[in-house]
Amino acid sequence: MAAPITGIILSVKRYNPQEIEPKWQQVWEEKQAFIAQDFADRPKTYISPMFPYPSGAGMHVGHTFEHAIVDAIARFHRANGHNVMNPMGWDSFGLPAENYAIKTGTPPQETTKTNIANFKNQLKRLGASIDWTREINTSDPEYYRWTQWIFTKLFERGLAYQKESLQWWCPIDQTVLANEQVVNGKCWRHDGPDDPPAEKKSIKQWFFKITEYADALLDEIPELDWPEKIKTAQTNWIGRSEGVIYTNKVKDTDLEIESFSAHFEAITANTFVAIAPDHPLLPKLVDGLDNAQDILDQAKQMAIDRDAKGPGSLGEPEGIFTGRYALDIFGDEDLPIWIANYALADYGTGIVLCSAHDERDFEFAKKYGIRLKPTMVPVDPIEAEKVKNLEYCFTDMTNGILIEPKAFEGKVAASHRQEIIKFLEHEGFARAEVKYKMRDWLISRQRYWGAPIPIIHCDEHGAVAVPEDQLPVRLPDVKDFAPKGDGKSVLAHVEDWVNTTCPTCGKPAKRETDTMDGYACSSWYLLRYTDAHDDTQAWDPKLANYWAPVDFYVGGDHAVAHLLYVRFWTHVFKDMGLTDFKEPVKKLIYHGLIAAEDGRKMSKSLGNTVDPLEIIDQGYGADALRTFELFLGPIDENSNWSSSGIGGVYRFINRVWTLVQEFDESDKSFTGNDAEVTRLQHKTARKVTNDIHRQSFNTAISALMEYVNDLYKLKVDGFSDTTWREALSVLVQLVAPFAPHMSEELWQQLGHEGLVHETMWPEWDDAQIVEDTMTIVVQVNGKLRAKLDVAKDTDKETIEKLAIESENVKAFVGDQQPAKVIYVPGKLVNIVVK
RNA sequence: GCGCAGGUGGUGGAAUUGGUAGACACGAGAGACUUAAAAUCUCUUGGCUGAAUAAGCCGUGCGGGUUCGAUUCCCGCCCCGCGCACCA
């Protein structure tokens, strides 16, 4: 019999995370336990979260969730003998620090430093197993020197260029916005009900030519081990469409217009032309007409109205007739040219041939009484008549039947796309063309707190890249950070910085005063981690090729922006010979977000954030916090913080602790149900290992809870020393990725040398997991009627006989002969009766 | 509008290949210990009928289907969430 438990509990050392957590954090630091070794001859695992912007607010428990995921995976692989790199860095350029500087005069350099120190402290107190020797910071000149270097390389290759263009502009931040930074017509940072809409301005801007890599980026998507959600988002974002370009002469002028069509199957249906209100060709088109100026003024107003509404909220289409006609290539009636607010200047050619087989065109034509001519109809003759009579718009290319031209009469539209293209090309009506929704990546920012674009403007040589030996172009110190309202960065007013000499001719020249979009800095940091402090190159290709691509990249944001840009740059690096691989990230772990307990998004302004250090200091400790966050649910789902839920996990951790304490102090001479203890140990090792491999942490933790619950029950029967010690040791190893501090302490108490991860992760033997008996479910017509406990080697005939003879089954089967008996080995018997 | 993911007890969730629905936990209820409370421990906890830890019926958003058997597969619909949104 077991020794009386009460006596033991009194002498047990209480679980005190306040004491053991700082202790082990210090040991890890002293032992340099998490340093990744370059070129070590072991399997490598490179894992990283999306590096944080070090905000003044610090991390809340929504942010620490991500680090709990990363750390569990990192510790798991380390314990499996892998050479793990788990680095950390700071995405520290950005608007909040600059806005704070405008308000308070405190330079961003200072606030950034303070904030980083705070984040670092939070991560250390969380027990994150980070290799701090690789720490990087995008606003450090030693880092942005290489961001600038990459810019000059892209510039050399023609992948960075300048262009005058209409750009979204935030009237509050006084800066340009990328398309994806405009949310419901407003700046992403100022999208409240009282905030003004984003505007459009024509400005000379720097772009990266991501469109040149559209196909390359698209081609790799199917191969990525990324969530389907992100893969489809990227595919749609790139938005490749195959179509044709038509060229039409404009009646009474020397002009020709080109238009793109991806839905060209209804070949001869086009009856009018739509041109974007801000199309550059418009003035030429109406030139010579009496009311030309009037039309241009109206078009200008239309463009402004549209921009004010913002993307996706156009409503009813608006149009202005230009007075011009295009000549129909098929010799049909002339096509009136309309200015339409739904035509986009920057997609395709900005001009569209319109037909009865497009919802927008149809609606537009009905509104303005423009002729329509359906040339494709449904199979059903009654419906076909309706389409011909323009009762509704028919767009189903997959099933639609063409009624003209002669060559395609009676054919299904979609199944003849290729033949139709050939026909159009052969007849000289059009040529094949591929267009993309994706635009080039606008990177100019009229802000101070970013990496200066390393370009010098010379009257003679134009834009000249700053030579490598003059990098970095350092940000000068500034006292007044407030924008001057001239649309330029405050850098433009630092005269002795702006005025320089041309690297080519040595004559006076001026520096570019725009800085780079923060996404530029974050598009290569994963490679910098592999060679974080190299001052001779951005990274050593040998190191990058050893560590990268990243094995696990963990984040919950940036489905298209960052995750597309980082792919783009890596493709370019491969082409430059700087890496051996095209894709930067093997597996993307895209987690959900943790909202506040009230279900709303955690934010400082709502006052509903939960501070991880507060939870730790309340006495729960980092181990309970981390374990709880992973126990909340599947990591790819959103969840809410729960202040009562963490208590349950804390109780579990306490029970693990107490279980080991009691072993330590108890009589070790008796034996109990050793076989069952060992069986559970193997079963749990298998379950936890498999679950961690598929990132199912909540079920891994619940399996550990079951194991602990079972061990408490088995303890009453007594146990032998070696079996029990092994069972507890395995428990400690399995729980270590989630609750590492407590695990180290218990590992030591159980008499093991070294840190937990220095002993190989527990293995299991499937043969040990099989029980001596099995439970067979007995169903009658699929309904559960009885259960049989039989020896594991009982044969089919015996089981079926026992099933049919069991009392409750008889009650349902009666005298009937079963029509069928289905036996699923080791699981169930289903008796089918009529 | 298009795309993607999802809908299971009072709550978070589990069921990995079509095979015992509700593991694990929270909350709630009862009890033990305590002068008392907290902590801890034990038990109960999907709904209905029932004295029952006998048995039965219902039950995984709704309606159908396939199957001996469906939370799981198929068809149609409804609802929430996310992403993209005039892309011709």
Side-chain angles (χ1 to χ4, degrees), chain A residues 5-6 9 14 180 184 227-237 239-241 243 259-264 270 274 276 306 309-315 317 340-344 346-355 357-361 364 435-439 559-560 592-593 628 631-634 636-640 642-649 651-652 654-655 658 687 690-691 694 696 698-706 708-709 712 775-787 807-808 811-812 818-822 824 826-833:
Chain A
I5 289 167
T6 42
I9 288 173
R14 277 200 53 195
E180 52 271 35
N184 298 324
E228 285 306 315
K229 180 168 97 171
I230 309 299
K231 287 164 62 164
T232 23
Q234 295 212 345
T235 306
N236 295 339
W237 185 263
R240 180 189 158 98
S241 62
S259 52
F260 176 70
S261 174
H263 297 296
F264 50 80
N270 301 319
R306 174 171 72 181
K309 283 180 190 166
S313 55
L314 193 62
N341 65 345
Y342 65 92
L344 300 170
D346 55 357
Y347 180 74
T349 64
I351 301 172
V352 201
L353 291 191
C354 303
S355 78
H357 300 297
D358 178 281
E359 298 274 3
R360 281 279 166 191
D361 297 346
F364 187 84
K435 293 281 182 193
Y436 302 88
K437 280 190 204 176
M438 184 169 68
R439 316 288 149 91
V560 284
L593 304 176
F628 171 61
F631 182 64
L632 266 173
D636 53 352
E637 308 252 325
N638 295 332
S639 44
N640 293 356
S642 155
S643 52
S644 60
I646 192 169
V649 172
R651 255 191 293 277
F652 159 68
N654 241 300
R655 277 163 65 79
T658 308
K687 170 78 176 156
N690 290 341
D691 282 356
R694 62 186 181 107
S696 180
N698 58 328
T699 54
I701 293 163
S702 69
L704 287 164
M705 288 172 169
E706 278 181 79
V708 169
N709 291 346
Y712 266 92
T775 304
I776 302 291
V777 168
V778 183
Q779 298 179 333
V780 177
N781 289 340
K783 281 196 177 261
L784 175 69
R785 295 303 176 194
K787 286 179 188 177
E807 282 303 313
N808 208 37
F812 285 89
K820 205 183 200 182
V821 177
I822 288 149
V824 181
K827 279 195 175 145
L828 65 77
V829 175
N830 189 12
I831 298 160
V832 185
V833 291

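Treat the numbers as computed from the prediction; the structure is a model and nothing was measured. Note on naming: letters A, B, ... go to the chains in the order of the sequence lines (proteins, then strands), and numbering restarts at 1 for each one.
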In whole angstrom, give the distance that lies between atom [atom1] of [X] and atom [atom2] of [N].
X        : N     : atom1 : atom2 : answer
A:Lys231 : B:G3  : NZ    : P     : 19 Å
A:Asn709 : B:A23 : CG    : C1'   : 11 Å
A:Arg785 : B:C68 : CZ    : P     : 18 Å
A:Lys827 : B:G19 : NZ    : P     : 6 Å
A:Leu828 : B:A21 : CG    : P     : 10 Å
A:Asn640 : B:G81 : CG    : P     : 13 Å
A:Asn638 : B:G13 : CG    : C1'   : 15 Å
A:Phe652 : B:G13 : CZ    : C1'   : 17 Å

Check whether any side-chain heavy atom of [X] sits under 4.5 Å from a side-chain heavy atom of [Y], and report yes or no.
X        : Y        : value
A:Leu353 : A:Ser259 : yes
A:Phe631 : A:Ser702 : yes
A:Arg306 : A:Leu344 : yes
A:Pro634 : A:Asn698 : yes
A:Lys437 : A:Trp237 : no
A:Ile831 : A:Arg785 : no

Of the options [options], whose atoms approach the side-chain atoms of [X] most closely?
X        : options             : value
A:Ser644 : B:A88, B:G13, B:G27 : B:G27
A:Leu344 : B:A14, B:A88, B:G19 : B:A88
A:Lys787 : B:A88, B:C87, B:U20 : B:U20
A:Asn236 : B:U16, B:A88, B:G3  : B:G3
A:Ile822 : B:A88, B:G19, B:A15 : B:G19
A:Tyr347 : B:A88, B:C4, B:G12  : B:A88
A:Val824 : B:G19, B:G13, B:C24 : B:G19
A:Trp237 : B:C24, B:C84, B:A88 : B:C84
A:Leu632 : B:G12, B:A88, B:C4  : B:G12
A:Asn808 : B:A55, B:U20, B:A25 : B:A55

Could you report the tightest heavy-atom contact between [X] and [Y], atom names first, then the distance?
X        : Y        : answer
A:Ser639 : A:Leu632 : OG-CD1, 3.9 Å
A:Thr232 : A:Lys229 : OG1-O, 3.2 Å
A:Pro317 : A:Tyr342 : CB-CD2, 3.8 Å
A:Asn781 : A:Val833 : OD1-N, 3.0 Å
A:Ile776 : A:Val829 : CG2-CG2, 3.8 Å
A:Lys687 : A:Ala703 : CG-CB, 3.5 Å

If the [atom1] atom of [N] is compared with that of [M], how far apart are they to the nearest Å?
N     : M     : atom1 : result
B:C43 : B:A36 : C1'   : 24 Å
B:U60 : B:G13 : C1'   : 13 Å
B:G10 : B:G47 : P     : 7 Å
B:G22 : B:U45 : P     : 12 Å
B:A32 : B:G18 : C1'   : 46 Å
B:C80 : B:G7  : C1'   : 8 Å
B:A54 : B:C62 : P     : 29 Å
B:U71 : B:U16 : C1'   : 14 Å

Pick base, sugar-phosphate or nothing for [X], based on heavy-atom distances below 4.0 Å to the nucleic acid.
X        : value
A:Ala819 : nothing
A:Pro634 : sugar-phosphate
A:Ser696 : nothing
A:Arg240 : nothing
A:Val777 : base
A:Thr699 : sugar-phosphate
A:Phe364 : nothing
A:Asp691 : base
A:Gly239 : nothing
A:Gln779 : base
A:Lys437 : base
A:Ala262 : sugar-phosphate

Check your understanding: Is a donor-acceptor pair below 3.5 Å formed from side chain A:Lys687 to base B:U16, judging by atom type as modelled?
Key ->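 Between B:U16 and A:Lys687, which were checked side chain against base, a qualifying N/O pair under 3.5 Å is present.
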Practice item. Test for a donor-acceptor pair under 3.5 Å between the base of B:C41 and the side chain of A:Arg651, counting only N and O atoms. Key: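 No.
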Give me, pair by pair, the N or O atoms of the protein and of nucleotides 44-50 of chain B that are less than 3.5 Å apart, along with how far apart they are.
none

Practice item. Would you write the dot-bracket representation of RNA chain B, where each base gets (, ), [, ], | or . depending on whether it forms a Watson-Crick or G-U pair under 3.5 Å and with which partner? Key: ((((.((..(((......[....)))((((((.......))))))((((.....))))..(((((..]....))))))).))))....
Practice item. Starting at CG of A:Leu593, measure out to CD of A:Glu637 and round the result to the nearest 0.5 Å. Key: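 If we round to the nearest 0.5 Å, A:Leu593:CG and A:Glu637:CD are 12.0 Å apart.
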Practice item. Tell me whether B:G9 sits syn or anti, counting syn as a glycosidic angle within 90° of 0. Key: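 B:G9: syn glycosidic orientation.
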